[in-house]
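The structure under discussion appears below in the form of structure tokens.
What's counted below: heavy atoms across the whole structure, side chains too, no hydrogens, waters or symmetry copies. Counting from 1, the numbers follow the sequence of the chain as shown.
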Amino acid sequence: MQVAAAMTDKSDFASLLIKALSGGSKPEHFAPLFVALLRELARGLPVSVRTLAEASGQAVNQVESILEQAPDIEYDPAGNIVGYGITLRQTPHAFEVEGRMLYTWCALDTLIFPALLGKPARVRSLCPQTGMPVSATVHPHELREVEPARVAVSLVVPQSGIRQSFCCEVHFFASHEEGNRWAQRHPEVNVVSVASAFLLGQEVARQIIEPLSCREVFS
């Protein structure tokens with residue numbers, strides 16, 4: 001499947017992405033765990049399984065079962081989680097929340113997670129084609145202060161092994177033209193405006209939040 005076809009319906013693309021991210025866990029089990037984990041990681045410290053269970057309102061054994069299905073989770077030597085979408089390890093995509101310097105696995109993550117955290121983030125990255133800095137302030141439901149003005153984002157169809165198959169191909173570019181030059185060497189990639197990518201991120205966040213009550217997500 002090509003990205004252009006998959007992007008015809010943002011809802012379908014978002015569903016594919018969440019399925020790849022969750023490893024097939026049921027939405028009502030995955031959603032509270034994922035939102036809780038992002039919020040704990042946003043504190044800037046490793047997250048124990050027990051802490052995650054308490055934060056998500058699920059039993060430890062249920063959390064362990066979901067984590068076993070979820071791909072690419074990063075752990076420290078003590079067995080604490082240090083990365084899953086948001087990561088404490090440096091990547092090309094800096095994600096600053098409340099003065100804490102964090103990172104994300106891909107460009108699209110930075111456009112999704114403020115809606116799940118309920119907090120704005122300052123995003124900084126580099127265009128892989130030119131090396132030019134790219135920055136934006138991403139609020140839960142609004143994109144601001146995008147520099148350069150014509151930033152674009154590369155996308156691929158989500159598959160299993162999401163970090164390697166998806167995240168490693170999803171970048172910010174200084175312009176649509178620079179993204180297209182990079183895409184000539186990556187034929188599976190489609191390049192869209194940052195505004196379109198932000199709307200896709202909003203749909204991903206909506207589908208993750210949907211199984212939860214407003215009180216659970218925004219309290």
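Under 3.5 Å, the side chains of Thr51 and Ser48 contain a donor-acceptor pair of N or O atoms. In this model, no donor atom of one side chain and acceptor atom of the other lie less than 3.5 Å apart for Glu178 and Thr130. Using a 3.5 Å distance cut-off with no hydrogens or angles, the side chains of Gln207 and Ser11 do pair a donor with an acceptor. Side-chain polar atoms of Ser154 and His171 form no donor-acceptor pair below 3.5 angstrom.
Taking 4.5 Å as the limit, every side-chain heavy atom of Val146 sits out of range of all side-chain heavy atoms of Phe198. With contacts defined as side-chain heavy-atom distances shorter than 4.5 Å, the pair Val134/Val123 does not qualify. By the 4.5 Å heavy-atom criterion applied to side chains, Tyr75 and Asn80 are not counted as neighbours. With a 4.5 Å cut-off on side-chain heavy atoms, Leu41 and Leu102 do not count as touching. Between Arg122 and Glu145 the shortest side-chain heavy-atom distance falls below 4.5 Å.
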Quiz prompt | Residue pair Arg206, Glu210: steps toward the salt bridge (Lys or Arg N to Asp or Glu O under 4.0 Å) verdict | solution = CA-CA 6 Å; Arg206 185 192 70 78; Glu210 197 170 54; 2.8 Å; yes
Practice problem: Any chance you could lay out the side chain to side chain contact (heavy atoms under 4.5 Å, CB included) test for Thr104 and Ile112, step after step, and finish with the verdict? | Solution: CA-CA 11 Å; Thr104 68; Ile112 298 170; over 6 Å; no
Exercise. Take Arg124 and Glu96 through the test side chain to side chain contact (heavy atoms under 4.5 Å, CB included) and record every step on the way to the result.
Key: CA-CA 8 Å; Arg124 291 187 291 276; Glu96 184 179 343; 3.3 Å; yes
Practice problem: Kindly determine whether Glu40 and Glu54 satisfy side chain to side chain contact (heavy atoms under 4.5 Å, CB included), including the steps that lead there. | Solution: CA-CA 11 Å; Glu40 290 299 321; Glu54 292 173 355; over 6 Å; no
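Taking hydrophobic clusters as Ile, Leu, Val, Met, Phe, Trp and Tyr residues chained together by side-chain heavy-atom distances below 4.5 Å, Met132 does not share a cluster with Trp182.
Counting non-hydrogen atoms of neighbouring residues, nucleotides and ligands closer than 6.0 angstrom, the CD atom of Glu177 exceeds 12 such neighbours.
To the nearest 0.5 Å, atom NE2 of residue His186 and atom CD of residue Glu169 are 6.0 Å apart. Atom CG of residue Asp109 and atom CZ of residue Phe166 lie 8.0 Å apart, to the nearest 0.5 angstrom.
Residues Pro133 and Pro148 come closest through the heavy atom pair O-CD, 3.7 Å. Minimum heavy-atom separation, Thr91 to Arg163: CG2-NH2, 3.9 Å.
Applying salt bridge (charged side-chain N to carboxylate O under 4.0 Å, His left out) to Glu98 and the options Arg39, Lys119, Arg43 leaves one that passes, Lys119.
Between the side chain of Arg50 and the backbone N or O of Val60, no donor-acceptor pair lies under 3.5 Å. Without hydrogens or angle criteria, His176 side chain to Ser193 main chain gives no donor-acceptor distance under 3.5 Å.
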